[in-house]
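In what follows, chains carry the letters A, B, and so on, assigned in the order in which the sequence lines appear, proteins first and then strands, with residues in each chain numbered from 1.
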Number of protein chains: 2
Amino acid sequence: MLQLDNFFKSAFTVDNIIFGFDEDDIKVLLIKRKEDPYMDKWALPGYFIKEDENLDDAAVRVLEELTGLKDVYLEQVSTFGDINRHPKGRVITVAYYSLVAIHDYNIRPSRIASEAEWIKVKDIEELSFDHYKILQSCFQRLKRKVRIEPIGFELLPPKFTLTDLQHLYEAILEVKLDKRNFRKKILSMDLLVDLNEVQEGVAHRPARLYKFYESKYQEFLAKGLVFDLSEGKAKQSKAIKKSSGIID
Amino acid sequence: MLQLDNFFKSAFTVDNIIFGFDEDDIKVLLIKRKEDPYMDKWALPGYFIKEDENLDDAAVRVLEELTGLKDVYLEQVSTFGDINRHPKGRVITVAYYSLVAIHDYNIRPSRIASEAEWIKVKDIEELSFDHYKILQSCFQRLKRKVRIEPIGFELLPPKFTLTDLQHLYEAILEVKLDKRNFRKKILSMDLLVDLNEVQEGVAHRPARLYKFYESKYQEFLAKGLVFDLSEGKAKQSKAIKKSSGIID
DNA sequence: TCAAAAGTGTTCTTATTACACCCATGG
DNA sequence: CCATGGGTGTAATAAGAACACTTTTGA
């Protein structure tokens, strides 16, 4: 008869890597800890999972408790459990990343967080615990994911310009993209709605504003199209085209 | 002062999804449990992690203890921790997948496994615990991963024919590929060595044998090339080409 | 001599790249 | 009237897709 008490048990936490986009840079939300270990050091917002709580629910709760953010995109990335990753004993952590439109939310640090601040990913050199490693792993995941699904829009306000979108992709993919080719591609996917509005108060020709057309994305997927802004126009996926007739 | 004992602690396990390839089908290695819960039912090989053991080390150890397999490709996929996933109480599990060339290894079931058997992924309809869900999630991961890195070779014996390789990709990607186009692509990547040997004892024209040229893959990566057999020839990555000169 | 799979090129179509100038606005 | 970023098209190149017949072997 299996008795769980015969096996070692560990504390479990969730850590959230919250990505934002601001002035051409990808940032993450870090908290300054007001609790040992690593008191007064920058860390990812994370805390212990409860006994009666699923992992995803814990990620949502902890995020809200520490930063005030809710209803944001969340995805599990990876689990870190090295024996010595926590100075007080074995603590295994499940890392999640989220995507937030920075200016649409107010951050309210609380609980173990004395401050919370958006910091450029490229300026971060070290963090508490193994959080630097976790950050890198989540940034890699974001980079891959953004080429497969149109999640980048989560990082922009509801109305954005094509240049905003291009800069977002350039920041995530760490590449320079060609303006004309980028526009051709994204518009040909037919996933954006031209709002017939323009920017106000800019000292140059104002840009048109667009929004992401969520429900068209479902049609887009149903047609077997693939979202990839980084290397060209949407292509019909092989799965559909090929299965129709290779007799040779 | 943070006291870990004030927080909920859970038992935690690793589960291994071991993929193999045989007669044009992707298979997974399942064990028949000789221990409750789910005694005599098919399950993924998995067991409890020890107090002084990192997650990856546990995956390696458990795999060997239950199946006799060692020195195989292993990668963490995802963590499953729903409150009720284990009938005896809270058990959080970290899922790994591995890739094995079926005929190069002998399986020796032991510990909690009374039998171990390779079963086609497409024939599996249910498993113990939430293992069916874990399997699906790992298969999705394999599907994505195989297009980005040449890990498929782990599933083949050291010497294989181009048809073997094509069938492998067709099985994983669940697509039919064109023979001539497939050969053109893979050979143009220059990652295979033609061994100047042919199959023996086949009732048709014997095929040439190839092996994967591991060290050439490093050169290949260094040139900024991308491995993708599913949609065409290796392309120079945008990261390298683009950064060189867009002035417009 | 048959069955079974190996091996091999070309053409057409589509996607990707490179690239430069005029436009609208605020200061 | 200047500075700033917005907006636009085309031609050349490269990659992808479609497709059929001859070869070699063992039975």
Side-chain angles (χ1 to χ4, degrees), chain A residues 23-24 147 160-167 170 175-189 192 194-210 224-248, chain B residues 23-24 147 160-167 170 175-189 192 194-210 224-248:
Chain A
E23 298 173 38
D24 300 353
R147 295 180 55 167
F160 51 83
T161 70
L162 295 180
T163 302
D164 291 340
L165 188 62
Q166 182 180 337
H167 288 172
E170 289 177 339
V175 183
K176 271 248 148 262
L177 298 172
D178 179 86
K179 185 164 57 161
R180 278 177 289 199
N181 294 338
F182 180 82
R183 285 166 183 239
K184 223 180 305 172
K185 279 179 241 174
I186 184 70
L187 292 176
S188 77
M189 288 183 195
L192 298 184
D194 183 339
L195 294 167
N196 283 310
E197 295 174 52
V198 292
Q199 285 178 310
E200 283 174 23
V202 287
H204 54 77
R205 176 172 174 180
R208 305 182 74 83
L209 295 171
Y210 292 82
L225 297 168
V226 171
F227 185 88
D228 188 350
L229 278 176
S230 70
E231 34 164 65
K233 182 177 263 185
K235 340 173 216 228
Q236 193 167 13
S237 87
K238 280 71 230 170
I240 288 187
K241 247 182 153 169
K242 284 277 183 61
S243 58
S244 55
I246 292 194
I247 305 101
D248 206 357
Chain B
E23 296 172 40
D24 299 353
R147 294 180 54 166
F160 50 85
T161 70
L162 294 182
T163 302
D164 290 340
L165 188 61
Q166 180 178 340
H167 289 172
E170 289 177 337
V175 183
K176 271 246 148 268
L177 298 171
D178 180 85
K179 184 164 58 160
R180 278 178 288 196
N181 294 338
F182 180 83
R183 286 166 182 240
K184 224 180 303 174
K185 280 179 243 175
I186 184 71
L187 292 175
S188 77
M189 288 184 196
L192 298 185
D194 182 339
L195 294 166
N196 284 311
E197 296 175 49
V198 292
Q199 285 178 309
E200 281 173 25
V202 287
H204 55 77
R205 177 172 172 180
R208 304 181 75 83
L209 295 172
Y210 293 81
L225 297 169
V226 171
F227 184 87
D228 188 350
L229 278 175
S230 69
E231 33 164 64
K233 182 175 260 183
K235 338 173 218 230
Q236 193 167 11
S237 86
K238 279 69 227 173
I240 290 185
K241 243 183 158 169
K242 285 277 182 63
S243 60
S244 56
I246 292 193
I247 306 99
D248 207 356

Legend entry - Atom-pair distance (CD on B:E197; P on D:dT25), nearest Å: 15 Å
Inset, instruction - Mind calculating the distance between CG (B:L177) and C1' (D:dA18) to the nearest angstrom? - result: 14 Å
Legend entry - Heavy-atom check, side chain of B:R183 versus side chain of B:D178, under 4.5 Å: no
Inset, instruction - Would you mind reporting whether A:I186 and A:Q166 have side-chain heavy atoms less than 4.5 Å apart? - result: no
Legend entry - Whole-Å distance separating the CG atom of B:N181 from the P atom of C:dT8: 14 Å
Legend entry - For A:Y210 against A:L187, the heavy-atom pair lying closest together: CE2-CD2, 4.1 Å
Legend entry - Selection from D:dC19, D:dG7, D:dT24 that lies nearest to any side-chain heavy atom of B:R205: D:dT24
Inset, instruction - Check the distance between D:dG5's P and A:R208's CZ and give it to me in whole angstrom. - result: 20 Å
Legend entry - Length of the line joining B:F182:CZ and D:dA17:C1', which is rounded to integer Å: 16 Å
Inset, instruction - Report yes if a side-chain nitrogen or oxygen of B:T163 is closer than 4.0 Å to either non-bridging phosphate oxygen (OP1 or OP2) of C:dA5; otherwise report no. - result: no
Legend entry - Under-3.5 Å donor-acceptor pair between B:K179 side chain and C:dG7 base: yes
Inset, instruction - For the side chain of A:R183, starting at C-beta, report the closest nucleotide among C:dT8, D:dT8, C:dA18. - result: D:dT8
Legend entry - Nearest-Å distance for atom pair CG/P, residues A:L187 and D:dG9: 12 Å
Legend entry - Test item: B:V198 and B:L209 side chains (from C-beta on) under 4.5 Å apart, heavy atoms: no
Inset, instruction - Write down the distance between NZ (B:K185) and P (D:dA18), rounded to a whole number of angstrom. - result: 10 Å
Inset, instruction - Test for a donor-acceptor pair under 3.5 Å between the base of C:dT10 and the side chain of B:K184, counting only N and O atoms. - result: yes
Inset, instruction - For A:T161, answer base if it contacts any base atom (sugar-phosphate contacts may also be present), sugar-phosphate if it contacts only those atoms, and nothing otherwise; contact means non-hydrogen atoms under 4.0 Å. - result: nothing
Legend entry - For atom CD of A:E200 and atom P of C:dA24, their distance in whole Å: 18 Å
Inset, instruction - Could you work out which one of C:dG27, C:dT8, C:dT10 sits closest to the side chain of A:A203? - result: C:dG27
Inset, instruction - Determine whether A:L177 and A:L229 make a side-chain contact, defined as any pair of heavy atoms from C-beta on separated by less than 4.5 Å. - result: no
Legend entry - Proximal nucleotide (of D:dT8, C:dT8, C:dA6) relative to the B:R180 side chain: C:dT8
Legend entry - Candidate nucleotides D:dG5, C:dT17, D:dA17, ranked by approach to the side chain of A:H204 - the nearest: D:dG5
Inset, instruction - Would you indicate which nucleotide in D:dC19, D:dT24, C:dA18 comes nearest to any side-chain atom of B:D178? - result: D:dC19
